[in-house]
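Chain A is the first sequence line, chain B the second, and so forth, proteins listed ahead of strands; every chain is numbered from 1.
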Protein chains: 2
Amino acid sequence: MQRGTFQLMKSVNKSIILNKIRTSEPISRAQIAKDTKLTPPTVSSIVKELIEQELVRESDLGESKGGRKPTMLHINNNAFYVVGVDAGPETVECILADLSGKIVERVSSKLNIPITNGQFISILKENIHKILHTSKPYHDKILGIGVAMHGVVDIETGTSLVAPNLDLRNIPIKQKLEEEFNLVVNVENDARAMALGESWFGGHGDADSMVAVNIGRGVGSGVVINGKLYHGAQDIAGEIGHMTIDINGEICECGSRGCLQTFASGVAIAERTRKKLEGKSETITGEEVYKLAESGNTAYIEILEETGMIIGIGLTNLIHLINPRKIVLGGGVMKSKKFILPKIKQTIEQRVLSPAAKETEVTVTKLGEDATLLGAVSLLLVELFDPV
Amino acid sequence: MQRGTFQLMKSVNKSIILNKIRTSEPISRAQIAKDTKLTPPTVSSIVKELIEQELVRESDLGESKGGRKPTMLHINNNAFYVVGVDAGPETVECILADLSGKIVERVSSKLNIPITNGQFISILKENIHKILHTSKPYHDKILGIGVAMHGVVDIETGTSLVAPNLDLRNIPIKQKLEEEFNLVVNVENDARAMALGESWFGGHGDADSMVAVNIGRGVGSGVVINGKLYHGAQDIAGEIGHMTIDINGEICECGSRGCLQTFASGVAIAERTRKKLEGKSETITGEEVYKLAESGNTAYIEILEETGMIIGIGLTNLIHLINPRKIVLGGGVMKSKKFILPKIKQTIEQRVLSPAAKETEVTVTKLGEDATLLGAVSLLLVELFDPV
DNA sequence: TTAATTTAATTAATCATGTTATAATATATT
DNA sequence: AATATATTATAACATGATTAATTAAATTAA
C-alpha cells in the first residue's frame, strides 16, 4: 500500500489542481481554492510549479466580481505530445496528439495476414518512425507512446499475450518499442484504452465511474473507476463479450454457449439475419443489414431491434454487477444506433431492479473512429495528470 | 476528492501499521518498518499513539535474531466492542463482539409477519437494549452499532428502502437507533455486510479483491476491493441474483426471465426438483433435496450438480466482469457444497477465458451462520482500522 | 474624486509530520 | 571480554500545508 509521505501529499494536491484546471478552464487560482477546499497559498505555490513545468499557462484577466480581476489559468496543450497507436486486427493506425487530444499527425498501414511477431513489430516501428520524422519540432516534447492492442495484453510487461485475429502470441511490444525509441511505452487492451479515452476526452466531467463497450468484430469493454482503469485480479475485468446470457444458445468461438458475442457482434447479426430471412447459402454482412434497415425494410429493422434488446440484457447484467454511472457504446455495430440504442435503453429501463440505477446514462461515443487512438494517447496522459 | 493534508499522510500510515499488526501479530516495530517501508521513527511514534489509545498493546519480548530482543505488538482485542445486528427476513439476531470478532453476547427474536415499520424498529431496539443490559462492563468501550439488513438499503441515510420479505419500505433504521442509543450506526445490505465480514474475519490475508456470494432464499453478493465495499453509482453493485443467464428462461419475481435466482435459490432448486422428479402436487423443500442426495439418490444428486453448473455459469460471468481475486460462497444452499462446489469449480475452469483467471479461488465461507453478523460488526471496524 | 469595500494573489511565520543521523540498549558470536 | 548486530529511542532537519498579514487591483459608496 502507498505510504503517507510528503510527496504523496503534494502529488495528490497537484493532481487535484491540474484536473480542476483541465475540466474547468479558464479558471482562477482563487476559484480553484474555493472548489477544491485547498488554501490559496497551496494553490498558488503548486500553480507556480505547473507554470514552470509549462503544463499550465496564464491568459488574460477574467471578469471582476467586485474586486481585483482574476488571472485565468489554462492547460498548455502544446506543452507535450503523445504518440498513440491503434493496433487492430487489420490495420495499424498511428497518431501524434497534443494534451487536448488534437491530432497533429496521422499515418496507417494495412496488415498482411499471415504475419510474424517480427513483422508486426517492424510495422509498428515503421509507422512510429514516420510520425516522428514528420514532427521534428515536437521531438523534445514527446511524453511517450501509448499502444492500444486488440486481444489479451499483460500490462506489467506490455506484452500481447494473445492476438487472435493475427494468430500471434507473446509479442513483447513494450520492450521492443522502448529499445527502439527510448521513450516510455504503455500497452493496453484496445477496448480498455477506448474506455480510458472516452473518460478522458469524452466530456463526461468527473463521472466517478464509466464503462465503455465496443461492439464490432467482437464485444469488449473497459471499466473506469475514479479516472483509472479497473483491471481486476488477472486483467480480464470488463470481458463482457463472453458473458453467458443464454445457457442453451449457439456455440461461441470460445467453446461456451450463448455468449453475448454470439448475438451482438457484426458477424453474429449477419448470421442471425441469414438464418431468419435468407436462404442458407445467401451471404449478407452486418453493414448490409443496417443499410436495408435504413431503407425502411421492417424485417431488417426487427433484427436490429432484437439485437438492441439482447445488448440491453447484457448491459443490465453489467449494471447489476458493476453499477457504473455511465455506459458509453462504440464500435461498428453502433452505426445502427438509430435502431439499436432505443431498444437498449428500453430493455434496461424494464429490467434493472433499482429505480435509481434505471437512470444509468447510456450514450454512443462522440469520439467516433478515433476513440481507441485517443485512448492510446490517454494511457500516457493519465500518468501526467494523475500520478498518484 | 480527498485533499493531501498532514492528517491524510498520518492516517494513511496509521492505517498501514494497524492493519499490519492485525494481519501479522505478534510483530515487532522493526519488522513493521521493514515490511511497510516506513521508517523506524515513524513506526515508533505511531505505535506510541496506538498504545495510548489502547488499540495496541505490547506483550513479552520475542526471540532475538542476533541483537536486542524485539518487543512484540498485538491488537488489544478488548479495547473496543461493537454491536452487530442481522435483520433477516424472519429473525433479528444481535451480538456484541470484540475487535477480533469474538462474540461475547447474543440474543435473537422471531419476527411475526405482517409487521409495521414501528414494530420492526421496536424489535431492533429491544434486542439491542437486551445486549447492552447484560454487558454493562463494556459500555464505555462500544464503538457503535452495525446493521446488516436484507433488501435494498440507502447507505448514506441508513434507510431500508425495500425489505421485500417483510413487505416494508423506507425504514429509517440509522436515524431511529442513533436517537435511541446515542451511538454511531451503520446500515448495509446483508450480502454486502457478509462480504465485508468475510474479507475482515475470513483469514484471506490481504487479498486485493473478493466477492462473497450468498445463496439461500435469494442470491446476493458483495464486492470488496482493497478492503472496502464497492457500492457502484447507485448502490446495486454485486446484484448477481437477477443476472440473466437464460433469455428464454422461467419468469422471475422481478419480472425478467432466466435470472440466476430462478435456478439457484433454495426455492428454485425445490421447484426444479418437483418439475423433474415428482408429481406436480408433490411438495419438497431445498433441504429435503439435499438430504435425499446425501442418502445417495442419484436423481437428486444430479439436480444439485446441475445447480452447481448453473451457479458456475453465473460466477463465470462475474469473473469476466469484476475479476476478483477470490470468491467466497455462503448461504443455505451451500450446505450442499459436497455436490455443488465441485461442479461450480469445474464449470469455471471450463468457461473462463483467461488461463490466469481460471485460478480464481472459490471457497465456502468458514464463518458459517455468523458470517452476516460478523459482517455487521465489521461495518464499524473498517472505520476504526481504515479511516482513510 | 476620494474613501471604503471587496476580491485576488503573495509573503512570512508557524505547525504537523516524515526522514536522516546518531545514540542507547540488549543480545549473540568470536 | 570484545565485537558485531538487531531493536528502539532521540534529536536535528526537511517538506509542505496552514494561518495571518500584506499587497494589488478593482468596484461601490460618499
Side-chain angles (χ1 to χ4, degrees), chain A residues 1-18 20-21 24 26-53 56-74 387-388, chain B residues 1-18 20-21 24-52 56-74 387-388:
Chain A
M1 190 184 177
Q2 179 86 291
R3 281 170 300 149
T5 61
F6 292 97
Q7 291 96 299
L8 173 76
M9 184 161 69
K10 187 166 186 181
S11 68
V12 164
N13 289 338
K14 201 165 188 170
S15 155
I16 290 174
I17 291 175
L18 208 40
K20 185 73 205 172
I21 298 176
S24 313
I27 187 170
S28 69
R29 291 169 174 80
Q31 193 59 46
I32 294 174
K34 268 178 213 145
D35 291 358
T36 61
K37 305 271 172 70
L38 293 165
T39 60
T42 302
V43 174
S44 278
S45 93
I46 288 178
V47 165
K48 195 180 159 197
E49 270 187 44
L50 291 171
I51 290 175
E52 275 161 13
Q53 288 177 247
V56 167
R57 63 186 173 76
E58 291 183 327
S59 68
D60 40 354
L61 304 181
E63 283 302 295
S64 160
K65 282 185 275 174
R68 175 176 167 176
K69 285 182 180 171
T71 38
M72 304 313 266
L73 303 170
H74 302 255
V388 187
Chain B
M1 193 185 174
Q2 178 88 294
R3 278 171 302 149
T5 61
F6 291 97
Q7 291 95 300
L8 172 76
M9 185 160 67
K10 188 166 188 181
S11 68
V12 164
N13 288 339
K14 202 165 188 170
S15 155
I16 290 174
I17 291 175
L18 208 39
K20 186 72 207 173
I21 299 177
S24 313
E25 65 180 351
I27 186 170
S28 70
R29 291 169 175 80
Q31 192 60 45
I32 294 174
K34 268 179 211 145
D35 291 359
T36 62
K37 307 268 172 73
L38 293 165
T39 61
T42 302
V43 173
S44 279
S45 93
I46 288 178
V47 165
K48 194 180 161 197
E49 270 187 44
L50 291 172
I51 289 174
E52 275 160 15
V56 167
R57 63 184 174 76
E58 291 183 329
S59 69
D60 41 355
L61 303 180
E63 282 303 296
S64 162
K65 283 185 276 176
R68 174 174 168 178
K69 283 185 180 172
T71 37
M72 305 312 266
L73 303 170
H74 302 255
V388 186

Nearest-angstrom distance from the residue atom [atom1] of [X] to [atom2] of [N]:
X       : N      : atom1 : atom2 : value
B:Leu73 : D:dT7  : CG    : P     : 12 Å
B:Leu8  : C:dG18 : CG    : P     : 11 Å
B:Lys14 : C:dG18 : NZ    : C1'   : 15 Å
A:Ile17 : C:dA9  : CD1   : P     : 13 Å
B:Asp35 : D:dA6  : CG    : P     : 15 Å

Give, for atom NZ of B:Lys14 and atom OG1 of B:Thr42, the distance between the pair rounded to the nearest 0.5 Å. 13.5 Å
If I take atom CZ from residue B:Arg57 and atom CG from residue B:Leu50, how far apart are they, to the nearest 0.5 angstrom? 14.0 Å
Assign a letter to each nucleotide of nucleotides 14-19 of chain D from its 5' end: B, base within under 4.0 Å of a protein heavy atom; S, sugar-phosphate only; -, no contact. -BBSBB
Closest non-hydrogen atom pair, [X] against [Y]:
X       : Y       : value
A:His74 : A:Pro26 : CE1-CB, 3.6 Å
A:Arg3  : B:Ile16 : CA-CD1, 3.8 Å
B:Gly4  : A:Val12 : N-CG1, 3.5 Å

Can you tell if the side chain of A:Leu73 reaches within under 4.5 Å of the side chain of A:Ile32, non-hydrogen atoms only? yes
Output yes when a side-chain donor or acceptor of B:Ser24 lies under 3.5 Å from a complementary backbone atom of B:Ile21, and no otherwise. no
salt_bridge(A:Glu58, A:Arg29) N-O dist < 4.0 Å: yes
What does the list of N/O pairs under 3.5 Å between the protein and nucleotides 23-30 of chain D look like, with a distance for each?
from	atom 1	to	atom 2	distance (Å)
D:dA25	N3	A:Arg68	N	3.4

Residues pairing under salt bridge (charged side-chain N to carboxylate O under 4.0 Å, His left out) where one sits in residues 30-40 of chain A, two or more places apart or in two chains, turn out to be A:Lys20-A:Asp35
Describe the nucleic acid contact of A:Lys48 in one word from base, sugar-phosphate, nothing, applying a heavy-atom distance below 4.0 Å. nothing
Using OP1 and OP2 only, check whether a side-chain N or O of B:Ser44 sits under 4.0 Å from D:dA9. yes
If you compare every side-chain N and O of B:Thr71 against the phosphate oxygens of D:dT7 (OP1, OP2), does one of them come in below 4.0 Å? no
